[in-house]
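Here is how names work: the chains are called A, B, and so on, in the same order as the sequence lines, proteins then strands, and each is numbered from 1.
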There are 2 protein chains.
Amino acid sequence: MIQNLNKHERESLHEALAKSGQKITPQREIVYTVLLAQRDHPTVDEVYHRALETMPGLSLATVYNCLETFVGCGLVRQVNHERESTRYCPNLAPHAHFRDESTGRVHDIELPKEILDQLTKILPANFETETIEISFQGRTKTSNKN
Amino acid sequence: MIQNLNKHERESLHEALAKSGQKITPQREIVYTVLLAQRDHPTVDEVYHRALETMPGLSLATVYNCLETFVGCGLVRQVNHERESTRYCPNLAPHAHFRDESTGRVHDIELPKEILDQLTKILPANFETETIEISFQGRTKTSNKN
DNA sequence: TTGAGATTTTGAATCATTCTAAACGGCTAA
DNA sequence: TTAGCCGTTTAGAATGATTCAAAATCTCAA
């Protein structure tokens, strides 16, 4: 069963929404709760089905809307891989993604600040970066189920 | 007008196809020629329209097939950006991509080997990488039209 | 030159995502 | 308390890139 947001999580949500002039709604709280509850980079459809258990009438379009809103106010990151469905990730620390080809799972990889700094240095002087995305693709050896 | 493949380019193509047991066809030669002629990371549709000028009967599905084949035998890289159409790139040297949000254009950014090495080091020991993708998103300052 | 197997073609099918229009909800001012 | 404004949600249709299916065509080794 999905836990409710704790005080701090609820605050982040309310603050982020308020900051960009948007309202708090039950749908948004539930979608955000679902994202925090299981940090496995779910697709829209996965979020939708998980959220349905708490709010049976919820519509898919609303899940799209909520997630778009969260991305817009910086609460959540989009993770795209090739042409697969977009996945969503509430981890705001700078990190890369590793996609395991054998399981399809996506893992967060912590990204040292030095590497980010170095990366921005390889750009020509007049290129201004807003976001950097780094994604690895491969396999995990051995029986590690992580 | 689109130039023909030079001797070396034709050889790479034939060799790569042969190596993965596939045939040389006029369609494949033309699609590859189009990719080399203008290295602006075209979409399938762009490749299709450029190729039509040389081979009027060509079908869109064939362009999809050819590009998929080239990616499969390592002649060409796919470039995905968010949910936009997939783009294709015949630059085989390791490089990152910078997408200019104001123009939609994609630029190749040379990628120093040290950075690649460092990147693979941040992975847990049992993660085996096959490919790494790095993409920047931002804007180019000033009136540089590059 | 021939035949097996790969490739191309056309058009239909798929599927994630976006759009549209109507209903809803919450807040503010009277 | 009510009226109305405006952002949000909803259902379903529309979009658009990509894939699939089946038949026709082509390529190349023998």
Side-chain angles (χ1 to χ4, degrees), chain A residues 13-14 16-34 41-52 54-73 75-88 104 106, chain B residues 10 13-34 41-52 54-73 75-88 104 106:
Chain A
L13 174 61
H14 289 206
L17 288 173
K19 196 175 296 177
S20 50
Q22 299 180 90
K23 294 179 176 167
I24 293 145
T25 67
Q27 289 88 341
R28 285 176 178 166
E29 292 210 330
I30 284 168
V31 169
Y32 190 56
T33 304
V34 165
H41 308 87
T43 61
V44 174
D45 218 62
E46 285 163 346
V47 172
Y48 174 55
H49 288 293
R50 290 176 197 173
L52 273 186
T54 306
M55 182 184 267
L58 183 67
S59 84
L60 179 59
T62 298
V63 177
Y64 273 98
N65 291 340
C66 290
L67 291 170
E68 191 192 1
T69 301
F70 296 160
V71 170
C73 61
L75 268 179
V76 160
R77 272 178 58 184
Q78 269 184 335
V79 184
N80 284 290
H81 223 286
E82 308 269 303
R83 296 247 103 226
E84 292 178 1
S85 308
T86 302
R87 297 176 173 278
Y88 292 85
V106 175
Chain B
R10 186 181 307 269
L13 173 61
H14 289 204
E15 196 185 311
L17 288 173
K19 196 175 294 176
S20 51
Q22 299 182 88
K23 294 178 176 168
I24 292 147
T25 67
Q27 289 87 343
R28 285 176 177 165
E29 292 210 330
I30 284 169
V31 169
Y32 190 55
T33 304
V34 164
H41 309 86
T43 62
V44 174
D45 218 61
E46 285 163 346
V47 173
Y48 174 54
H49 288 292
R50 290 175 197 174
L52 273 185
T54 306
M55 182 184 266
L58 183 69
S59 83
L60 179 59
T62 298
V63 177
Y64 272 99
N65 292 340
C66 290
L67 291 170
E68 190 191 3
T69 302
F70 296 159
V71 171
C73 60
L75 270 179
V76 161
R77 273 177 57 183
Q78 267 183 336
V79 184
N80 284 289
H81 224 285
E82 309 270 304
R83 296 247 102 227
E84 292 178 1
S85 308
T86 302
R87 296 175 174 278
Y88 292 85
V106 176

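Rounded to whole angstrom, the span from the CD atom of E84(B) across to the P atom of dT17(C) amounts to 14 Å. One atom, CG of L67(B), and another, P of dT18(D), lie 10 Å apart when rounded to the nearest Å. Put simply, CD1 on I24(B) is 13 Å from C1' on dC26(D), counting in whole angstrom units. Distance, E82(B) CD to dA17(D) P: 16 Å, rounded to whole Å. Rounded to whole Å, atom P of dA11(D) lies 9 Å from atom CG of L58(A). Look at CD on E29(B): it is 11 Å from P on dT8(C), rounded to the nearest Å.
A close approach under 4.0 Å does not occur between any side-chain nitrogen or oxygen of R83(A) and OP1 or OP2 of dA16(C). Of the side-chain N and O atoms in T62(A), none sit less than 4.0 angstrom from OP1 or OP2 of dT9(D).
In this structure, of dT8(C), dT27(D), dG7(D), it is dT8(C) that holds the atom nearest to the side chain of R28(B). Closest to the Y64(A) side chain, of the nucleotides dT10(C), dA11(D), dT17(C), is dT17(C). Listed nucleotides dC28(D), dT17(C), dT8(C) differ in distance to C66(B); the shortest reach to its side chain belongs to dT8(C). Considering only the side chain of V44(B), dT18(D) comes nearest among dT10(D), dT10(C), dT18(D). Relative to the side chain of K23(B), the nucleotides dC28(D), dT10(D), dT9(C) differ in distance, and dC28(D) lies closest.
Between V44(A) and L67(A), the closest side-chain pair of non-hydrogen atoms falls below 4.5 Å. Side-chain contact check for T25(A) versus L17(A): every heavy-atom pair is 4.5 Å or farther apart. At least one side-chain heavy atom of D45(B) sits less than 4.5 Å from a side-chain heavy atom of L60(B).
Tested against P42(A) for a side-chain contact (heavy atoms from CB on, under 4.5 Å), the candidates R87(A), H49(A), R50(A) yield a single pass: R50(A).
Take the nearest nucleotide of DNA chain D for Q27(B) and for D45(B): the residue whose nucleotide is more 5' is D45(B). Mapping N80(B) and T25(B) onto DNA chain D by nearest heavy atom places N80(B) closer to the 5' end of the strand.
Here S85(B) lies in heavy-atom contact (under 4.0 Å) with sugar-phosphate atoms only. If you check every strand for non-hydrogen atoms under 4.0 Å, P26(B) touches sugar and phosphate atoms only. Among the atoms of the strands shown, base atoms are found under 4.0 Å from some heavy atom of N65(A). At a threshold of 4.0 angstrom between heavy atoms, the contacts of T43(A) with the nucleic acid are absent. Within 4.0 Å of G21(B), counting heavy atoms only, lies no atom of the nucleic acid at all. Across all strands shown, Q22(B) has heavy atoms under 4.0 Å from sugar-phosphate atoms exclusively, and none from any base.
With no hydrogens or angles considered, no side-chain donor-acceptor pair links H41(A) and E46(A) at under 3.5 Å.
Listed here is the closest heavy atom pair of A51(A) and L58(A): CB-CD2, 3.5 Å.
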